[in-house]
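Comments concern the structure below.
Heavy atoms only: backbone and side chains are in, while hydrogens, waters and symmetry mates are out.
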Amino acid sequence: MNRNVMVCFGTRPEVIKVASFIEELSKGDFPFKTVFAGQHDELFADVKQLIPPPDFRLDIMEPGQSPSDILERVTSKFVPVLRRERPDLVVVQGDTSTALAIALVSFYEKVMVGHIEAGLRTWNLDSPFPEELNRQVISRVASVHWAPTKKAVQNLEAEGVENIVLTGNTVIDVCRKFKYPIHYGSKILVTLHRRENHGEKMASMFAQIERLAERHNDLVFLFPMHPNPKVQEHRSVLKKVEVIHPLKYDDLLKLLSEVRFVITDSGGLQEECAVFKKKVLVCRDVSERPEGVEVGLSKVVGTSIEENFEWANSNPVWNGRNPYGDGRAAERIVSSIESGWTESRDSSRTFAGNVP
């Protein structure tokens, strides 16, 4: 019996990380449809070439929306789609407010939830905010958990979660298709946008990056700036830093292959740096990706960019083994769906325990 899958996403990083999964689904026998919530509607154009056009668009984007607004709009617009389509499995990715809303609605409607990139944890609900809460809640309602690393598996097991599949991270699948040669030039890639860094922290980091650019005339600091007004309000500080528009994904990866190293508060970029072997200063108080720190790829620096700058600049080359996967995550996820579906005694849909 064919099973129907619904793949849901709302932000630019989600599109990137479901792309290989959608491609792998297309090779198999599962009917599936896709839903784009529009949480990052203004950035969708940068990555839309990675996936087929969505079957459904919720178009929730409004200026200045809060996580609560996103939760409300996704919920109200997704409910009629879910009730009409009645998929057997709804798949969400990561830890966005879109993913949380769709997982909760699916749970309430008694539709199974599969969670890509499950098990990341900082154990600090304020960092990242609101993502840490989002992913913990999704883990409580999901039926199957596709964990990217052994550490993520251990986190889930410690919470008593069942039906965990170790897959690797789907972003590695995508990045490995871009065969850009790796070298270490004079460019420094900077991205800062995290909600918990808004305000004084953001102001401090912008000022530090500007001072570093003034001191290091031999380096070019490139900053593809997020459109969020809370980020843009600090733009005037940057004189020596080259501020550019957000890049299309293939252009971003090409740049990543060329830069000396990276300064960022992004989560996914830490994983992409591993593919292109670039060290990264992580501008967070804690990272849910400790694997990069353990292998010397990344260093968590909070807002202390200047004092940690030479850690990457003086010796930028990194030749370690990618701790985030081997490029076969989507294949493992689809395989687990094929092998894991079963019928429980009360005929409700469920997944077999400990699917391979």
Side-chain angles (χ1 to χ4, degrees), residues 12-14 16-17 19-20 46-47 50 94 117 120 122 128 131 148-149 151-152 168-194 197 205 209 212 219-226 244 246-302 304-305 308-327 329:
R12 183 179 186 271
E14 284 174 293
I16 294 167
K17 291 192 172 186
S20 61
D46 295 338
V47 292
L50 296 176
E117 199 180 77
L120 275 63
T122 65
E131 287 82 2
T149 65
K151 180 63 175 176
N169 199 296
T170 53
V171 77
I172 308 303
D173 304 15
V174 177
C175 287
R176 285 168 65 95
K177 295 180 179 180
F178 293 85
K179 306 296 184 181
Y180 297 126
I182 297 170
H183 61 277
Y184 300 85
S186 60
K187 299 174 184 176
I188 311 296
L189 174 61
V190 180
T191 77
L192 298 169
H193 73 282
R194 297 291 324 159
N197 281 336
M205 290 189 291
I209 291 166
L212 286 165
L219 301 176
V220 177
F221 289 72
L222 293 176
F223 194 156
M225 192 170 291
H226 196 283
I244 60 178
L247 299 169
K248 291 184 178 180
Y249 192 57
D250 53 347
D251 292 334
L252 175 66
L253 295 186
K254 186 175 188 303
L255 176 60
L256 188 57
S257 73
E258 301 168 352
V259 299
R260 188 169 181 83
F261 65 93
V262 175
I263 301 170
T264 189
D265 61 5
S266 167
L269 192 52
Q270 297 175 51
E271 298 151 351
E272 291 153 345
C273 282
V275 176
F276 293 96
K277 298 188 176 297
K278 298 303 169 71
K279 287 185 175 180
V280 52
L281 297 180
V282 180
C283 299
R284 296 187 180 189
D285 295 328
V286 61
S287 175
E288 64 277 78
R289 294 165 173 85
E291 297 87 353
V293 176
E294 292 168 0
V295 299
L297 171 72
S298 57
K299 186 175 185 181
V300 179
V301 302
S304 301
I305 298 172
N308 291 287
F309 184 80
E310 288 303 324
W311 173 83
N313 187 52
S314 63
N315 184 24
V317 179
W318 180 79
N319 286 313
R321 181 179 179 182
N322 191 330
Y324 300 116
D326 60 3

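Taking D173 as the reference, S20, A329, A330 meet the side-chain contact (heavy atoms from CB on, under 4.5 Å) condition, with sequence neighbours excluded. Residues passing the side chain to side chain donor-acceptor pair (under 3.5 Å) test with K17 are E117, E271, sequence neighbours excluded. For E14, there are no salt bridge (charged side-chain N to carboxylate O under 4.0 Å, His left out) partners, not counting sequence neighbours. Partners of S266 by side chain to side chain donor-acceptor pair (under 3.5 Å), not counting sequence neighbours: none found. Among residues two or more places apart in sequence or in another chain, the side chain to side chain donor-acceptor pair (under 3.5 Å) test is passed with T149 by E291. Applying the ring-ring contact (aromatic ring centres under 6.0 Å, His included) rule to F276 yields no partners; only residues at least two apart in sequence or on another chain are considered. With sequence neighbours excluded, no residue satisfies side chain to side chain donor-acceptor pair (under 3.5 Å) with S298. For V300, the side-chain contact (heavy atoms from CB on, under 4.5 Å) test picks out V282, S287, V293, with sequence neighbours left out.
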Using atom types as modelled, flag every donor-acceptor pair under 3.5 Å from a side chain in residues 314-323 to any protein atom, sequence neighbours excluded.
residue, atom, partner, partner atom, Å
S314, OG, E310, O, 2.6
W318, NE1, V295, O, 2.9
N322, OD1, Y324, N, 2.8

Contacts under 3.5 angstrom, residues 247-255 side chains, donor-acceptor by atom type, not counting sequence neighbours:
residue, atom, partner, partner atom, Å
Y249, OH, E272, OE2, 2.7
K254, NZ, E258, OE2, 2.7

Validation: residues 183-190 side-chain donor-acceptor distances under 3.5 Å, sequence neighbours left out:
residue, atom, partner, partner atom, Å
Y184, OH, K277, O, 2.7

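In this structure, CD in E131 is found 8.5 Å from CD in E288, a value given to the nearest 0.5 Å. For the atom pair CZ of F221 and CD1 of I263, the computed distance is 5.5 Å after rounding to the nearest 0.5 Å. Taken from CG in L281 to OG1 in T264, the straight-line distance is 10.0 Å, to the nearest 0.5 Å. Considering CD1 of I182 and NZ of K278, their distance stands at 6.5 Å, rounded to 0.5 Å. Here the CE-CG distance, from M225 to L192, works out to 8.5 Å after rounding to the nearest 0.5 Å.
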Chi angles and distances behind the side-chain contact (heavy atoms from CB on, under 4.5 Å) call for L269, V262: CA-CA 9 Å; L269 192 52; V262 175; 3.8 Å; yes
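Listed by first then second residue, pairs satisfying salt bridge (Lys or Arg N to Asp or Glu O under 4.0 Å) with a partner in residues 176-185 read E23-K177, not counting sequence neighbours.
Using a 4.5 Å cut-off on side-chain heavy atoms (C-beta onward), R12 and H226 make no contact.
Side-chain atoms of N197 do not come within 3.5 Å of backbone N or O of D265 as any donor-acceptor pair. Side-chain atoms of R194 do not come within 3.5 Å of backbone N or O of P128 as any donor-acceptor pair. Within the 3.5 Å criterion, the main-chain N or O of S304 finds a donor-acceptor partner in the side chain of N308. Side-chain N or O atoms of D285 include none that pairs as donor or acceptor with a backbone N or O of G302 at under 3.5 Å.
The heavy-atom pair separating P224 from P246 by the smallest distance is CB-CA, 4.1 Å. Considering all non-hydrogen atoms of both residues, L212 and F309 come closest at CD1-CD1, 3.6 Å.
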